[in-house]
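These notes are about the structure you will find just below.
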2 protein chains.
Amino acid sequence: MRSIAKYKLADRRVEAGVQLLRPGEPSHETYELIEGWAFQYALFPDGRRQILNFVLPGAILGFHRDNDEVLTYGVEALTNTVVASYRINASDVFERDLETGMQLLWLLSRDLRLAFDRLASVGCLSAQERVAHLLLELFIRSRMRWPGHQIEHLNLPLTQEHIGDATGLTSVHVNRMLRDLGKRGILEFQYRHLRILDPDRLVELAAVDPYVLQSWIGLSVTSADRLETEVD
Amino acid sequence: MRSIAKYKLADRRVEAGVQLLRPGEPSHETYELIEGWAFQYALFPDGRRQILNFVLPGAILGFHRDNDEVLTYGVEALTNTVVASYRINASDVFERDLETGMQLLWLLSRDLRLAFDRLASVGCLSAQERVAHLLLELFIRSRMRWPGHQIEHLNLPLTQEHIGDATGLTSVHVNRMLRDLGKRGILEFQYRHLRILDPDRLVELAAVDPYVLQSWIGLSVTSADRLETEVD
DNA sequence: CGTATTCTTGACCCGCTTCAACTCAAGTGG
DNA sequence: CCACTTGAGTTGAAGCGGGTCAAGAATACG
């Protein structure tokens with residue numbers, strides 16, 4: 001993220017559970033997630049919540065064309081995180097700076113893909129398939145982001161309630177599905193710790209098209225590469 | 001769409017029901033929808049289909065960063081349409097052309113919002129609310145696009161099966177919900193013809209946050225404005 | 001330690017699906 | 001002009017997947 005760094009204001013530590021952005025507020029600030037996990041969500045009047053996307057480092061949050069645009073969804077820190085603030089909007093970017101624009105375009109197109117995948121999952125699949133689908137997605141994105149860790153073994157900072165809110169299920173039923181998946185020897189998820197037992201059956205159960213899978217891997221790899229340049 | 005016009009190859013007539021882009025194929029061509037309706041969809045091995053987005057004129061379809069990228073979703077013409085073909089990719093755009101890049105960024109961010117809205121709807125709402133939500137969205141987008149027509153009266157080229165595939169319901173149950181909505185005096189939808197009977201109750205039933213509604217209106221208006229420049 | 005989340009499990013219930021039959025409109029060709 | 005076809009809409013009956021409610025167990029945390 002070399003190019004966007006020009007617009008940087010400050011780094012900030014944000015604790016788990018804190019609302020980075022709230023729906024209904026005007027978005028004056030644009031954030032980049034530097035460290036940790038967060039998620040974007042939509043809220044309904046009756047209190048129901050839909051998790052729209054889980055956010056890993058490198059993502060840009062709250063970017064809009066106009067600074068006084070009102071946010072229609074929120075962002076909450078899932079773990080303790082570090083975020084960078086920027087003062088930036090679309091006109092700034094494109095008048096001055098191609099590289100940044102291209103990065104934003106790439107990030108947006110990745111998020112759109114992920115949104116489409118989850119929409120397809122929630123709209124078409126059974127409860128068990130949806131849970132499998134989500135965990136597979138997070139496993140792959142996380143693995144590509146931090147390739148150093150042990151195979152088929154991963155810490156996911158999620159409660160079963162988060163999984164429920166992301167898949168359109170109740171946490172009670174998520175629990176049953178996780179238990180089933182364990183009994184069937186496909187995956188285990190306990191104490192925020194995911195272990196893939198049978199990758200092939202997981203991919204099949206999650207009804208993930210080979211091309212979709214490839215695109216997840218591809219986009220995550222590219223994302224990591226891209227972020228490497230951030231260090232220098 | 002003045003700036004993107006440089007990359008234009010040809011206009012093409014496409015009949016209703018034709019697949020503009022198929023999942024699994026490499027995407028050599030980028031299209032702009034000029035006239036008519038289309039929709040983007042994901043397909044599962046067992047034949048289930050999720051409609052991801054309904055596409056109105058002005059949208060860019062099949063745009064990717066690499067020309068040999070494989071498509072993970074398809075596009076089908078809903079009515080007879082006219083599309084323009086372009087030979088273009090991300091590197092082209094940004095190395096040469098800011099204005100086009102900005103348009104693409106804007107279109108992508110609009111599509112992401114719509115995807116998030118539908119995801120929230122499918123994940124959280126009841127069958128009746130989902131149907132109301134979808135029809136309200138299409139009503140507003142269509143109305144903003146073609147503002148000339150009669151109030152609260154609109155032609156939507158959808159079957160109940162399309163509504164079902166977009167909302168994650170069966171067409172049978174969509175039928176029952178439409179019937180209910182009619183009896184309750186909220187809206188009528190028959191013979192591809194939508195009539196809003198009680199806008200206020202519709203907005204409330206669809207659980208559309210005022211800010212979301214505002215953003216739909218805002219983005220559609222802006223879209224129309226933007227597209228106006230296409231003519232000159 | 002005690003307290004608060006989170007997880008787990010069972011019993012019951014309801015919204016939506018499934019299956020199936022029938023209606024209705026719009027062609028199409030003899 | 002009517003018989004046949006085809007796709008969409010309509011309605012009912014029965015079953016099931018997932019929700020709801022509730023109570024208890026496990027784990028994290030101060």
Side-chain angles (χ1 to χ4, degrees), chain A residues 15-17 44 46-51 76 78-80 121-135 155-184 187-195 205 207, chain B residues 15-17 44 46-51 76 78-80 121-135 155-184 187-195 205 207:
Chain A
E15 292 208 339
F44 287 94
D46 63 356
R48 296 184 79 98
R49 177 178 73 171
Q50 176 66 38
I51 291 183
E76 182 178 323
L78 195 55
T79 64
N80 292 336
S121 162
V122 173
C124 287
L125 302 183
S126 73
Q128 196 163 128
E129 293 169 326
R130 280 186 246 174
V131 171
H133 186 103
L134 177 66
L135 291 178
N155 274 48
L156 286 183
L158 306 176
T159 67
Q160 297 181 357
E161 181 131 21
H162 290 123
I163 299 179
D165 285 350
T167 53
L169 302 165
T170 57
S171 60
V172 174
H173 205 242
V174 168
N175 182 303
R176 287 192 250 265
M177 296 303 102
L178 288 174
R179 227 112 261 295
D180 282 3
L181 289 168
K183 273 182 206 140
R184 296 179 56 190
L187 61 81
E188 274 171 1
F189 179 71
Q190 358 179 320
Y191 317 127
R192 326 254 146 123
H193 189 269
L194 174 67
R195 170 202 281 265
L205 178 67
Chain B
E15 292 208 341
F44 286 93
D46 62 357
R48 295 184 81 98
R49 178 178 75 170
Q50 175 68 38
I51 292 183
E76 182 177 322
L78 195 55
T79 64
N80 291 338
S121 162
V122 173
C124 288
L125 303 183
S126 72
Q128 198 164 123
E129 295 169 324
R130 279 186 248 175
V131 171
H133 186 103
L134 176 67
L135 291 178
N155 274 49
L156 285 183
L158 307 174
T159 66
Q160 298 181 354
E161 181 132 21
H162 290 122
I163 299 178
D165 285 350
T167 53
L169 302 165
T170 57
S171 60
V172 175
H173 205 241
V174 168
N175 182 305
R176 288 192 245 264
M177 296 303 102
L178 287 174
R179 227 113 259 297
D180 282 3
L181 289 168
K183 273 181 208 140
R184 296 179 56 190
L187 61 80
E188 274 171 2
F189 179 70
Q190 1 179 323
Y191 314 126
R192 325 254 145 124
H193 189 269
L194 174 67
R195 170 201 281 264
L205 177 66

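If you're wondering where the values come from, they're calculated on a predicted model, not measured in any experiment. By convention in this document, chain letters (A, B, ...) are assigned in the order of the sequence lines, proteins followed by strands, and residues within each chain are numbered from 1.
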| field | Length of the CD-P vector between A:Glu161 and D:dT20, whole Å | value | 12 Å

| Does the side chain of B:Glu188 reach to within under 4.5 Å of the side chain of B:Leu181, using non-hydrogen atoms? | no

| query | Heavy atoms, side chains only, cut-off 4.5 Å: are A:His173 and A:Arg176 in contact? | reply | yes

| task | For B:Leu205 and B:Arg184, run side chain to side chain contact (heavy atoms under 4.5 Å, CB included): C-alpha distance rounded to whole Å, both residues' side-chain angles, the deciding distance at 0.1 Å, then the answer. | result | CA-CA 11 Å; B:Leu205 177 66; B:Arg184 296 179 56 190; 4.2 Å; yes

| To the nearest angstrom, how far is B:Arg179 atom CZ from D:dA8 atom P? | 17 Å

| message | Using side chain to side chain contact (heavy atoms under 4.5 Å, CB included), reason through B:Leu135 and B:Leu156 one step at a time and then give a plain yes or no. | response | CA-CA 9 Å; B:Leu135 291 178; B:Leu156 285 183; 3.8 Å; yes

| message | Determine whether A:Met177 and A:Gln160 satisfy the following criterion, side chain to side chain contact (heavy atoms under 4.5 Å, CB included), listing intermediate values before the conclusion. | response | CA-CA 10 Å; A:Met177 296 303 102; A:Gln160 297 181 357; over 6 Å; no

| task | Compare side-chain N and O positions of B:Asn175 against OP1 and OP2 of D:dT10 and report whether any pair is under 4.0 Å apart. | result | yes

| Tell me: CZ of B:Arg192 to C1' of D:dA8, nearest whole Å? | 7 Å

| Taking the side chain of A:Tyr191 as heavy atoms from C-beta outward, which of D:dT27, C:dC7, D:dG9 is closest to it? | D:dT27

| Integer-rounded Å distance: D:dG18 C1' and A:Ile163 CD1 | 16 Å

| Rounded to the nearest Å, what distance is computed from the CG atom of residue A:Leu178 to the C1' atom of nucleotide C:dT9? | 14 Å

| field | Footprint string (nucleotides 12-22 of chain C, 5' to 3'): B base within contact, S backbone only, - free, heavy atoms under 4.0 Å | value | ----BBB----

| query | Does the A:Gln50 side chain pair with the main chain of A:Asp165, one donor and one acceptor, at a distance under 3.5 Å? | reply | yes

| Interatomic distance where CZ belongs to A:Phe189 and C1' belongs to C:dT8 [whole Å] | 15 Å

| said: Whole angstroms only, please: what is the CD-P distance between B:Gln160 and C:dT23? | reply: 18 Å

| query | Hey, is the side chain of B:Gln190 poking within less than 4.0 Å of OP1 or OP2 on D:dA8, counting only N and O atoms? | reply | no

| remark: One should read off an interatomic distance between A:Arg130 CZ and A:Cys124 SG, to the nearest 0.5 angstrom, of 10.0 Å

| message | In whole Å, I'd like the distance from the CG atom of B:Leu78 to the P atom of D:dA8. | response | 11 Å

